[in-house]
Protein chains: 2
Amino acid sequence: MRKHVLLYGLLAGALIAALRLIEYRWLVLEHSVEIYGGLVAAVFASLGIWLGLKLTRHTETVVVREVEVPAPVSFVRDQSKVDSLGITPRELEVLELIAAGLSNKEIAERVYVSENTVKTHSSRVFDKLGARRRTQAVQLGKELRLIP
Amino acid sequence: MRKHVLLYGLLAGALIAALRLIEYRWLVLEHSVEIYGGLVAAVFASLGIWLGLKLTRHTETVVVREVEVPAPVSFVRDQSKVDSLGITPRELEVLELIAAGLSNKEIAERVYVSENTVKTHSSRVFDKLGARRRTQAVQLGKELRLIP
DNA sequence: CCCAAAATCATCCGTTCGGATGACGCGCGT
DNA sequence: ACGCGCGTCATCCGAACGGATGATTTTGGG
């Protein structure tokens with residue numbers, strides 16, 4: 001910005017000097033002062049426009065348009081409900097895998113325990129949730145924000 | 001923008017006319033042509049700066065800021081997937097009730113059909129979804145946006 | 001009216017699930 | 001050392017589920 005003003009000043013000075021140098025020649029050549037004035041006007045108008053552009057190039061009006069977005073809704077487990085229901089980590093893990101659509105056998109293989117153990121965990125978590133079926137347990141688990 | 005250019009042109013014309021009018025008086029008053037030129041330069045430079053400012057004053061930068069909203073994300077069924085999978089309305093209804101945690105028997109009572117019919121619908125929708133268990137069907141159904 | 005799709009109901013059979021119950025080991029805090 | 005919570009594994013049994021298949025009725029569009 002300041003650089004531009006300085007440059008403009010220098011250019012203006014140089015131009016004025018140049019104009020004064022050729023001024024007499026124009027006069028000698030019997031050209032009217034009008035042409036001289038027009039030339040000066042054109043040159044300085046151009047310079048002015050250029051300077052104006054330079055001065056304001058970075059003064060943009062920033063328009064912030066806020067757009068509502070569906071939001072990824074990051075899941076946060078309701079630990080208080082987990083605690084109040086007395087659901088253990090293992091039970092919660094099994095519940096998550098049930099929600100993922102795995103069978104007891106698949107869950108057993110996934111977590112390296114016997115299918116019987118998975119059944120025990122699931123039965124306990126069903127009991128704590130008051131669910132009679134795994135689909136119901138999943139539904140309740142999601143409702144209570146125990147699982148995503 | 002165009003309005004400004006036009007206005008500038010008119011002003012310039014008027015100024016030139018005005019200058020020409022007073023030009024002779026200045027000459028009569030024995031003032032040098034340098035002063036006249038300086039005046040013209042100053043006026044047109046100002047005009048140019050003003051025009052430059054007008055030309056660029058309204059360059060707006062639109063910044064789109066995405067605002068995450070807890071958004072209840074109103075569920076919209078992906079009908080295209082429903083169609084491409086060839087899932088019928090009744091099958092979809094049964095799938096929803098399965099996702100709600102109901103047993104086949106409860107679903108049968110809810111929609112006033114026999115449990116066998118519910119089993120048929122569920123079997124078909126499992127087949128179309130490539131699911132082997134109802135929990136898996138629910139998971140896939142939610143993933144594919146067939147059910148909320 | 002006729003056809004195709006959808007909906008309904010059924011039977012058989014094997015698998016999975018859920019409930020009830022008992023038992024064992026491990027870590028932790030009193 | 002003892003009790004307790006947790007995780008683990010097991011057995012038995014009935015209920016629920018899923019697959020395969022066949023049949024009938026209803027419905028919507030050409």
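Protein chains get the first letters and strands the later ones, always in sequence-line order, with residue 1 at the start of each.
Comparing A/Asp127 and B/Pro89 by the nucleotide of DNA chain C whose heavy atom lies nearest to each, the residue mapping closer to the 5' end is B/Pro89. Of the residues near DNA chain C, A/Thr135 and B/Lys119, the one whose nearest nucleotide (by heavy atom distance) lies more toward the 5' end is B/Lys119.
If you take CG of A/Leu95 and C1' of C/dG18, they are 15 Å apart, rounded to a whole angstrom. Remark: C1' of C/dA10 and NE2 of B/His121 are 14 Å apart, rounded to the nearest angstrom. Computed from coordinates, the B/Leu92 CG to C/dA5 P distance equals 19 Å when rounded to whole Å. Spacing between atom CZ of B/Phe126 and atom P of D/dA20 amounts to 13 Å, rounded to whole angstrom units. One interatomic measurement links the two molecules: CZ of A/Arg134 to C1' of C/dT15, which rounds to 13 Å at whole-angstrom precision. Between the P atom of D/dC9 and the CD atom of A/Glu109 lies a distance of 13 Å, rounded to the nearest Å. Going from atom CD of A/Glu106 over to atom C1' of C/dT15 covers 13 Å, rounded to whole Å. Rounded to whole Å, atom P of D/dA16 lies 18 Å from atom CD1 of A/Ile98.
Comparing C/dG19, C/dC17, D/dG19 by their closest approach to the side chain of B/Arg133 singles out C/dC17. Comparing atom distances between the A/Arg90 side chain and each of D/dG7, D/dC9, D/dA16 picks out D/dG7 as nearest. Distances were taken from every side-chain heavy atom of A/Asn116 (C-beta onward) to each of C/dG19, D/dT11, D/dG18; the shortest belongs to D/dT11. With D/dG18, C/dG18, D/dC9 as the choices, the nucleotide that has an atom nearest any side-chain atom of A/Ser114 turns out to be D/dC9.
Between B/Thr117 and C/dT8 there is no side-chain polar atom (N or O) within less than 4.0 angstrom of OP1 or OP2. For B/Thr88, a side-chain nitrogen or oxygen approaches OP1 or OP2 of C/dA7 to under 4.0 Å. OP1 or OP2 of C/dC17 lies within a sub-4.0 Å distance of a side-chain N or O belonging to A/Asn104.
Put simply, NE2 on B/His121 and CD1 on B/Ile107 are 10.5 Å apart, with the number rounded to the nearest 0.5 Å.
One donor-acceptor pair, N or O on each side, does fall under 3.5 Å between the base of C/dT8 and the side chain of B/Arg124. For B/Thr120 against C/dC9, a side-chain-to-base donor-acceptor contact under 3.5 Å is present.
With hydrogens and angles left out, the side-chain atoms of A/Thr120 and A/Thr117 include no donor and acceptor closer than 3.5 Å.
Between B/Glu106 and A/Arg132 there is no salt bridge, since none of the side-chain N atoms of the basic residue sits less than 4.0 Å from a carboxylate O of the acidic one. Taking a cutoff of 4.0 Å between a charged side-chain nitrogen and a carboxylate oxygen, B/Lys105 and B/Glu115 do not qualify as a salt bridge.
In the hydrophobic cluster analysis, where Ile, Leu, Val, Met, Phe, Trp and Tyr join through side-chain heavy atoms closer than 4.5 angstrom, A/Val73 is grouped apart from A/Ile147.
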